[in-house]
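One structure is given here, and the rest of the page talks about it.
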Amino acid sequence: MKKWFIYLLLAGCLAGQGGEALLRKTVTAAGRQVRLAENIPVVPRERLRIIASARCIKGNSLESKPQFEEIFYAGNWYPVFQELFPLPSYKFEFYSADNKDVKYGGSSCRIYSNEWRNYPMEFYVPDGAAYLRMSLNAGGKDNQAEIRSLELERRDKEPYLNINPDFKFDSFSPAGWSMVRRGSMVLDPRSGRQFGIESQGWSTGALIPVTPGMKFRMKVGGIPTDDDIRFTVAYFKSSAVGEKDIARNRLPIRMRKNEREKIVNLQIPEEANWMRLGVGRGIVNYIFVETGEGQ
């Protein structure tokens, strides 16, 4: 069974939990970008999940370009694929009450199959945002894609602060991560089912809203390879793109070669309102971040 197929059922399970329908009819994009929805009210630091039912009709797809699977999982080559074989995607953009763009990193979800599938994406609303707009991008003049449903869920009772902590959204979903550098999504060799990030460089998570002085626990699990797995936490005053961190755990938290799980207790520094996780080396199967302390 191919790697890309294993978690499609899990993506389907994420749909159907009830939410706001943003689309009333099927929308097609042929060689261009079309608007799906706009003027959707949002609140800064709110946690949202988008689930789109979509498919590729013409042009690039997993079925027409099966090498996409290997290129995707060899993370260093993924930018090459984006340039040579661009895929359709649905995009989300934020703007303020006075109609100014609010920049946000990682604001699209690629559509990769000719078959109807659910594509989930989850994120926190950045500072200064008042509205959300959604678009469907064909990804190239020869591509064609369509979306038949688009649902918004406001997730205010999640057990963990970070998004997609155990990589179960979808094997191709970027939810919860803003950059995977010198790394890729891989299957846990022990079970052959659980996805994780294997990173030779540093991979960084999406921004997470926090409160100054808040205590939190981070539980991580994975498989060290040639060296210890290393984790960092960076803190920021705002969610603005390009914001410099105000404090960082400069010495990485390490999971030694003989460890498979590690729990650390940390505290948010003063003036910090957002934080970002980082991971390097080895295969990371999960990172659970929750408020409070524990063993």
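All values below come from the heavy atoms of this structure, side chains included, with hydrogens, waters and symmetry mates left out.
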So that I know where these two stand, are Phe123 and Phe94 an aromatic pair - ring centroids less than 6.0 Å apart? yes
Distance in Å, [X] [atom1] paired with [Y] [atom2], rounded so as to fall on 0.5 Å steps:
X	Y	atom1	atom2	answer
Leu22	Ile40	CG	CD1	4.5 Å
Trp274	Ile268	CH2	CD1	12.5 Å
Phe236	Ile246	CZ	CD1	9.0 Å
Leu152	Leu48	CG	CG	5.5 Å
Ile147	Leu23	CD1	CG	7.0 Å
Gln33	Ser135	CD	OG	4.5 Å

Has the side chain of [X] got a donor or acceptor atom that lies under 3.5 Å from a matching backbone atom of [Y]?
X	Y	answer
Arg45	Val210	yes
Asn143	Asn60	yes
Asp101	Lys103	no
Ser61	Ser64	yes
Glu259	Arg256	yes
Arg276	Gly205	yes
Glu93	Arg133	no
Asn265	Arg217	no

Using a distance-only test with no angle check, is there a side-chain donor-acceptor pair under 3.5 angstrom linking [X] and [Y]?
X	Y	value
Glu271	Tyr235	no
Ser238	Asp127	no
Ser89	Arg110	no
Asn273	Lys237	no
Asn39	Tyr95	yes
Ser113	Glu63	yes

Going by heavy atoms in the side chains, are [X] and [Y] under 4.5 Å from each other?
X	Y	result
Phe231	Val264	no
Tyr286	Lys168	no
Met134	Glu38	no

Please lay out, stage by stage, how Arg47 and Glu158 fare under the test side chain to side chain contact (heavy atoms under 4.5 Å, CB included). CA-CA 9 Å; Arg47 185 166 174 167; Glu158 295 296 314; 3.5 Å; yes
In a check of side-chain contact (heavy atoms from CB on, under 4.5 Å) between Tyr124 and each of Leu207, Asn162, Ile163, which one passes? Ile163
Out of Thr232, Ile229, Val220, Leu266, which residue meets the side-chain contact (heavy atoms from CB on, under 4.5 Å) rule with Ile253? Leu266
Once you measure the plane-to-plane angle for Tyr119 and Tyr112, does it fall in the parallel (<30°), tilted (30-60°) or perpendicular (>60°) bin? perpendicular
For [X] and [Y], which heavy atoms make the closest approach, and how far apart are they?
X	Y	result
Arg154	Glu20	NE-OE2, 2.5 Å
Met121	Ser108	CE-O, 4.0 Å
Phe216	Gln267	CE2-N, 4.2 Å
Tyr131	Ala97	CE1-CA, 4.2 Å
Glu122	Phe169	OE1-CZ, 3.3 Å
Arg55	Glu115	CB-O, 3.5 Å

For Leu277 and Val289, run side chain to side chain contact (heavy atoms under 4.5 Å, CB included): C-alpha distance rounded to whole Å, both residues' side-chain angles, the deciding distance at 0.1 Å, then the answer. CA-CA 10 Å; Leu277 306 178; Val289 180; 3.8 Å; yes
Step by step, would you call Ile51 with Glu153 a side chain to side chain contact (heavy atoms under 4.5 Å, CB included)? CA-CA 8 Å; Ile51 302 174; Glu153 296 178 359; 3.8 Å; yes
Quick one: name the residues clustered hydrophobically with Ile57, using the 4.5 Å side-chain heavy-atom rule over I, L, V, M, F, W, Y, and just say none if it's on its own. none
Verify side chain to side chain contact (heavy atoms under 4.5 Å, CB included) between Ile111 and Leu136, making sure each step is shown before the conclusion. CA-CA 10 Å; Ile111 300 165; Leu136 173 61; 3.8 Å; yes
